[in-house]
Amino acid sequence: METQNPVLRSSVYRSASSIQTRNTRLPTRLPISAIGSPKWASHCSLYANSVHTNRNLQCRNSVGEAEYKGVSYLEDDKPKSNITRKKLAVFVSGGGSNFRSVHAATTNGSVHGDVVVLVASKHDCGGAEYAREKGIPVIVFPRTKDSQEGFSAEDLVIALRSYEVDFILLAGYLKLIPAELIRSYPKAILNIHPSLLPAFGGKGYYGMKVHKAVIASGARYSGPTIHYVDEEYDTGRILAQRVVPVLAKDTPEELAARVLHEEHKLYVEVSAALCEERVIWREDGVPIIRSKETPLDYQ
């Protein structure tokens with residue numbers, strides 16, 4: 001079986017009592033514009049208290065549909081030149097192999113963007129350690145009940161705005177994304193899931209649990225899905241998929257490795273399309289990807 005080959009911001013003021021880094025402590029009520037590129041977190045984990053934000057969207061028609069960076073519409077799409085290099089935030093909970101693939105692609109020129117911040121659900125996970133090694137700031141989210149480490153949802157939005165993040169990529173992030181973040185970044189948050197959604201998705205379907213369920217079902221095909229994020233697990237619009245076979249004697253580990261291999265390639269391709277502003281939204285609300293080689297074609 002062959003698949004389609006998908007290669008598918010607001011004035012803010014921080015009013016934090018303080019933000020700790022290794023060597024500095026910022027004063028309260030510092031305008032984000034004064035921070036610029038956030039040096040206060042350049043090589044360490046970030047911690048924050050309370051923050052506040054407002055957001056203004058520019059609407060393009062009577063139904064209040066906003067214009068978003070990196071998103072165009074099928075009826076008015078035109079080839080673009082001199083596209084601004086995009087700023088990416090990646091969210092992880094574990095080793096972050098997809099994060100590493102995307103980051104490598106940004107450094108070798110395959111993706112016209114940069115990973116400017118990593119958000120991790122655990123400060124000591126593999127993805128966070130890799131980010132620190134590469135000089136990428138690390139934010140811990142969410143804040144746990146028994147620790148002041150980590151950001152609140154409101155803190156997180158402010159921090160991402162300070163980095164001028166264009167797109168958010170979830171790469172093995174196992175926490176539900178808060179509504180505040182989804183409202184602040186419409187059509188700009190993507191997730192990768194290790195099955196062909198809508199099959200084997202939703203709460204509880206993650207990691208090896210997905211591959212065990214696929215094999216137990218008797219499904220002959222599986223593969224990664226990249227989809228936009230809404231307020232539920234794995235229910236947002238599908239942007240890209242890639243199919244891999246489920247072999248007769250597959251173990252969950254073998255299937256997982258086959259799917260992960262395709263995940264790494266697919267996320268890089270989709271990240272490239274985002275950063276090159278090749279994601280198109282049809283009138284029916286389905287996102288598709290414009291071909292890089294032949295701009296009038298869609299993949």
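With hydrogens and angles disregarded, a donor-acceptor distance shorter than 3.5 Å links the side chain of Q241 to the backbone of L197. In this structure, the side chain of S217 engages the main chain of V214 through a donor-acceptor pair within 3.5 Å. Side chain of T225 to backbone of S195: a donor-acceptor contact under 3.5 angstrom is found. Formation of a donor-acceptor pair under 3.5 Å by the D234 side chain with backbone atoms of G202 is found in this model. With H193 contributing its side chain and F200 its backbone, the two residues share a donor-acceptor pair below 3.5 Å. With R237 contributing its side chain and V229 its backbone, the two residues share no donor-acceptor pair below 3.5 Å.
The number of heavy-atom neighbours closer than 6.0 Å to NZ of K292, taken from other residues, nucleotides and ligands shown, is 12 or below. A 6.0 Å sphere centred on CZ of R85 holds more than 12 heavy atoms belonging to other residues, nucleotides or ligands.
Taking NZ of K175 as the reference point, atom CD1 of I177 lies at 11.0 Å (rounded to 0.5 Å). Taking OG of S271 as the reference point, atom NZ of K86 lies at 12.5 Å (rounded to 0.5 Å). Atom NE2 of H227 is separated from atom CD1 of I189 by 11.5 Å, given to the nearest 0.5 angstrom. Distance check, rounded to the nearest 0.5 Å: CD1 of I158 to CZ of F151 gives 10.5 Å. Once rounded to the nearest 0.5 Å, the distance linking CD1 of I226 with CD1 of I192 reads 4.0 Å. The distance from atom CD1 of I139 to atom CG of L160, rounded to the nearest 0.5 Å, is 5.5 Å.
Side-chain contact between V165 and L88 is absent, with no heavy-atom pair separated by less than 4.5 Å. At least one side-chain heavy atom of H264 sits less than 4.5 Å from a side-chain heavy atom of S97. Considering only heavy atoms from C-beta on, P224 stays 4.5 Å or farther from Y267 through its side chain. Between V92 and Y130, every side-chain heavy-atom pair lies at or beyond the 4.5 Å cut-off. With a 4.5 Å cut-off on side-chain heavy atoms, E263 and R242 do not count as touching. Looking at heavy atoms from C-beta onward, V279 lies in side-chain contact with Y228 at the 4.5 angstrom threshold. In this structure, I136 and F99 have side chains that are in contact, with non-hydrogen atoms separated by less than 4.5 Å. The side-chain heavy atoms of L181 and I168, taken from C-beta on, include a pair separated by under 4.5 Å.
Ion pair R290/E276 not flagged as a salt bridge, since none of the NZ, NE, NH1 or NH2 atoms sits closer than 4.0 Å to an Asp/Glu carboxylate oxygen. Using a cutoff of 4.0 Å between basic side-chain nitrogens and carboxylate oxygens, E253 and K212 are not scored as salt-bridged. Between D155 and R143 there is a salt bridge, since a side-chain N of the basic residue sits under 4.0 Å from a carboxylate O of the acidic one. Taking the charged nitrogens against the carboxylate oxygens, R258 and D250 do have a contact shorter than 4.0 Å, which makes a salt bridge. Salt bridge D114/K87: absent, no basic N to carboxylate O contact under 4.0 Å. Look at R282 and D284 and you find a salt bridge, because one of the NZ, NE, NH1 or NH2 atoms lies within 4.0 Å of a carboxylate O, short of that distance.
Placement of I182 and L170 within a single hydrophobic cluster is found when ILVMFWY residues are connected by side-chain heavy-atom separations under 4.5 Å, directly or transitively. Put simply, L169 and V259 are part of two different groups of oily side chains (I, L, V, M, F, W, Y) that touch within less than 4.5 Å, one to the next. Residues V244 and L196 are members of separate hydrophobic clusters, defined by side-chain heavy-atom contacts under 4.5 angstrom among Ile, Leu, Val, Met, Phe, Trp and Tyr. In this structure, M208 is not a member of the same hydrophobic cluster as Y205, with clusters built from ILVMFWY side-chain heavy atoms closer than 4.5 Å.
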Verdict with supporting geometry, V119 and V140, side-chain contact (heavy atoms from CB on, under 4.5 Å): CA-CA 6 Å; V119 177; V140 177; over 6 Å; no
Between R161 and S184, does a side-chain contact (heavy atoms from CB on, under 4.5 Å) hold up when you go through it step by step? CA-CA 9 Å; R161 289 296 181 204; S184 296; 3.8 Å; yes
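The two atoms that bring V111 and C275 nearest to each other are CG1-SG, 3.7 Å, heavy atoms only. Across all non-hydrogen atoms, the minimal contact from P252 to I215 is N-CD1, 3.5 Å. Summarising the geometry of Y221 relative to V243, their closest heavy-atom pair is CD2-CG1, 3.4 Å, with the distance given to 0.1 Å. Closest heavy-atom contact between G236 and D230: N-OD2, 3.4 Å. Between V268 and S101, the shortest heavy-atom contact is CG2-O, 3.7 Å. Annotation for P194 and V210: closest pair O-CG1, 3.7 Å, computed over non-hydrogen atoms.
Partners of H211 by ring pair (Phe, Tyr, Trp, His ring centres under 6.0 Å), not counting sequence neighbours: none found. With sequence neighbours left out, S222 forms a side-chain hydrogen bond (donor to acceptor under 3.5 Å, both in side chains) with no residue at all. The ring pair (Phe, Tyr, Trp, His ring centres under 6.0 Å) search around F141 returns none, not counting sequence neighbours.
Of the candidates Y206, F91, Y233, F91 is the only one forming a ring-ring contact (aromatic ring centres under 6.0 Å, His included) with Y173.
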